[in-house]
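Below: one structure, written as structure tokens.
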Amino acid sequence: MEPCSCDTFVALPPATVENRIIFGKNSDRLCDEVQEVVYFPAAVHDNRRERLKCTYIEIDQVPETYAVVLSRPAWLWGAEMGANEHGVCIGNEAVWGKEEVCDEEALLGMDLVRLGLERADTAEKALDVIVDLLEKYGQGGNCAEGGMVFSYHNSFLIVDRNEAWILETAGKYWAAEKVQEGIRNISNQLSITTKIDREHPDMRNYAKQKGWWDGKKEFDFTATYSYIDTAKMMISPGRFCEGYKLLNKHKGNITFEIMMEILRDKPSGINMEGGFLTTASMVSILPQDSSLPCIHFFTGTPDPERSVFKPFIFVPNISQLLDTTSPTFELEDPVKKIKPNRRHPLYQEHQKALEVIDNKEEKAKTMLDNMRKLEKELFKEMESVLQNKHLDVDKCVNLFPQCTKDEIRIYKSNISP
């Protein structure tokens, strides 16, 4: 099992039902890291000289940013995964290869996820945003809080209602693959081979200069920029291959519930346990019919098998997501040696619930049954929204916060005082 991992998936028609694109991601991080689910409204930035403070560096702000919902490690500015009001979803992965990882502080891959969501209303525009920022500011810096040093390059799965893009990087160099149908997944390795739809203008020349490519044989990005034997990539043991098998098994019938089953799968390693574990999960429904809303489900808690996927829909005047927002600490250094307590209200109650599930068999069954019951009711309600084309906007303002309160109520009712 890889020491660090994430898995991001997309399924497009005809692999799905009801002409929907389904996006999913497990964020696998250090086991004691808290992930929060937060909402930021759209904003206009009139001051042309305004600078934006990301996790480590400041960059130029843009005149307008879109509303976003993010699942992110609570100590940083960016996000592991999220969506915006235009139905764009992005998840990133840590990747390593022949190009050396830079420890110098720059933009984190997680910063690029948020920046892509805030600044782009289609998947390809988000790709443009990310590669332009990569060229201007670079990627780098510690991706863990506290004493551990943990740096990497990034790959991204960027999706909208019409298509998906895989963007894989090595330093400032990159390749992108367009996906218009079927299934695709990314894990902690490069995966773009010879189907390259867009690329950094100097990517091939740089590979020739480094002696990684002779300039004659067909260019294979993964084979050139990493140590992976791409001929064996789809049959090698590991989560990339296992994830593809799980998608392929359900090809033609993939729903948002199937995507959640995949994210909950432990034998494959997709639902990770141990020092690195699945700290949060996300699944999105992106209907190709633009009259229907996109629906984004987040757990905000570790282990999707023992968590509840709760829906979020973009509408005006969204209530703040207080129960999944971590406390903030004044004047903090993002890499200080002592980690503050970032546990948000849902996380705190979920941790107590996990102790009950692990130690009290009878109460565990009741609690898990109630969690699944709540989830099924939410799924039924969301399916009704899509089938009947009727959205109760007033209810959606408080949809995610209310679902979170219902989840907390289940935990509290089964935890002895």
Side-chain angles (χ1 to χ4, degrees), residues 1 4-9 24-37 71-74 80-81 91 239 242-243 246 255-284 296-312 321 323-324 326 342-380 382 400-416:
M1 197 74 72
C4 146
S5 58
C6 285
D7 294 278
T8 311
F9 302 87
K25 180 180 175 182
N26 271 354
S27 172
D28 302 334
R29 305 272 304 168
L30 284 163
C31 62
D32 62 347
E33 184 179 76
V34 177
Q35 199 148 148
E36 59 180 353
V37 180
S71 186
R72 67 177 187 179
E80 273 279 296
M81 50 202 172
R239 289 180 352 277
E242 292 300 317
L246 288 169
T255 62
F256 68 95
E257 290 167 282
I258 292 288
M259 187 64 81
M260 290 169 189
E261 279 181 34
I262 291 171
L263 298 185
R264 284 170 163 155
D265 191 85
K266 287 191 174 174
S268 63
I270 300 300
N271 183 5
M272 199 170 193
E273 300 176 285
F276 272 80
L277 57 73
T278 299
T279 54
S281 304
M282 171 185 174
V283 168
S284 292
H296 311 284
F297 296 88
F298 296 91
T299 60
T301 52
D303 187 355
E305 189 182 24
R306 303 188 294 179
S307 292
V308 175
F309 280 94
K310 300 165 288 295
F312 177 99
L321 317 184
D323 286 323
T324 55
S326 294
R342 301 188 185 278
R343 301 187 305 165
H344 50 70
L346 174 63
Y347 186 95
Q348 291 178 42
E349 297 304 328
H350 184 262
Q351 288 297 108
K352 294 175 192 172
L354 289 184
E355 286 184 31
V356 172
I357 290 171
D358 288 336
N359 298 305
K360 297 181 180 179
E361 192 174 330
E362 195 173 313
K363 278 195 172 183
K365 185 181 185 313
T366 303
M367 192 184 302
L368 288 166
D369 286 348
N370 288 337
M371 289 162 68
R372 292 290 82 82
K373 184 182 175 187
L374 169 62
E375 208 177 53
K376 281 182 180 175
E377 287 169 358
L378 294 171
F379 294 170
K380 188 177 177 183
M382 293 304 104
F400 189 88
Q402 185 57 53
C403 296
T404 306
K405 288 190 186 304
D406 292 342
E407 181 183 359
I408 288 172
R409 197 173 295 118
I410 291 170
Y411 299 150
K412 285 188 171 179
S413 68
N414 286 279
I415 296 167
S416 302

Answer whether the closest heavy-atom distance between the side chains of [X] and [Y] falls below 4.5 Å.
{"X": "K380", "Y": "K376", "result": "no"}
{"X": "M259", "Y": "T255", "result": "no"}
{"X": "L378", "Y": "C403", "result": "yes"}
{"X": "F298", "Y": "K310", "result": "no"}

For L277, give me all partners under side chain to side chain contact (heavy atoms under 4.5 Å, CB included), at least two apart in sequence or on another chain. C31, T279, P302

Going from [atom1] on [X] to [atom2] on [Y], what distance comes out if it is rounded to the nearest 0.5 angstrom?
{"X": "I357", "Y": "N414", "atom1": "CD1", "atom2": "CG", "answer": "9.0 Å"}
{"X": "H296", "Y": "M382", "atom1": "NE2", "atom2": "CE", "answer": "12.0 Å"}
{"X": "L368", "Y": "K363", "atom1": "CG", "atom2": "NZ", "answer": "13.5 Å"}
{"X": "T299", "Y": "R264", "atom1": "OG1", "atom2": "CZ", "answer": "9.0 Å"}

Counterpart residues, ring pair (Phe, Tyr, Trp, His ring centres under 6.0 Å), relative to [X] (two or more places apart):
{"X": "F400", "result": "none"}
{"X": "F309", "result": "none"}
{"X": "F297", "result": "F256, F379"}

Evaluate the criterion side-chain contact (heavy atoms from CB on, under 4.5 Å) for residue pair Q348 and H344; output intermediate values, then yes/no. CA-CA 6 Å; Q348 291 178 42; H344 50 70; over 6 Å; no

Salt bridge [X]-[Y], side-chain N to carboxylate O under 4.0 Å:
{"X": "R372", "Y": "E257", "result": "no"}
{"X": "K25", "Y": "D7", "result": "no"}
{"X": "K373", "Y": "D369", "result": "no"}

Any donor-acceptor N/O pair, [X] side chain to [Y] backbone, under 3.5 Å:
{"X": "K360", "Y": "D358", "answer": "no"}
{"X": "R342", "Y": "S326", "answer": "no"}
{"X": "H350", "Y": "G300", "answer": "no"}
{"X": "S268", "Y": "I270", "answer": "yes"}
{"X": "T278", "Y": "M272", "answer": "yes"}
{"X": "R306", "Y": "A353", "answer": "no"}

Going by distance alone, is a donor N or O of one side chain under 3.5 Å from an acceptor N or O of the other, for Q35 and S71?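 A pair is found: one side chain offers a donor N or O, the other an acceptor, under 3.5 Å apart.
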
Scan side-chain atoms only and decide if N26 and N271 contain a donor-acceptor pair under the 3.5 Å cut-off. no

Return the minimal non-hydrogen interatomic distance between T324 and V37, and the atom names on each side. OG1-O, 2.8 Å

For M81 against S27, the heavy-atom pair lying closest together: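 Of all heavy-atom pairs spanning M81 and S27, the closest is CE-CB, 3.8 Å.
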
Can you sort out the partners of [X] under side chain to side chain donor-acceptor pair (under 3.5 Å), two or more places apart, ordered by chain and number?
{"X": "Q402", "value": "D406"}
{"X": "N359", "value": "none"}
{"X": "T301", "value": "S307"}
{"X": "E36", "value": "R72"}

Test side-chain contact (heavy atoms from CB on, under 4.5 Å) on L346 and Y411 and set out the steps. CA-CA 9 Å; L346 174 63; Y411 299 150; 4.1 Å; yes

[X]: which residues meet the salt bridge (charged side-chain N to carboxylate O under 4.0 Å, His left out) condition with it, sequence neighbours left out?
{"X": "D265", "result": "none"}
{"X": "R343", "result": "none"}
{"X": "K352", "result": "E349"}
{"X": "E33", "result": "R29"}

Test side-chain contact (heavy atoms from CB on, under 4.5 Å) on T404 and L321 and set out the steps. CA-CA 9 Å; T404 306; L321 317 184; over 6 Å; no

List the steps and the verdict of side-chain contact (heavy atoms from CB on, under 4.5 Å) for L354 and Q351. CA-CA 5 Å; L354 289 184; Q351 288 297 108; 3.8 Å; yes

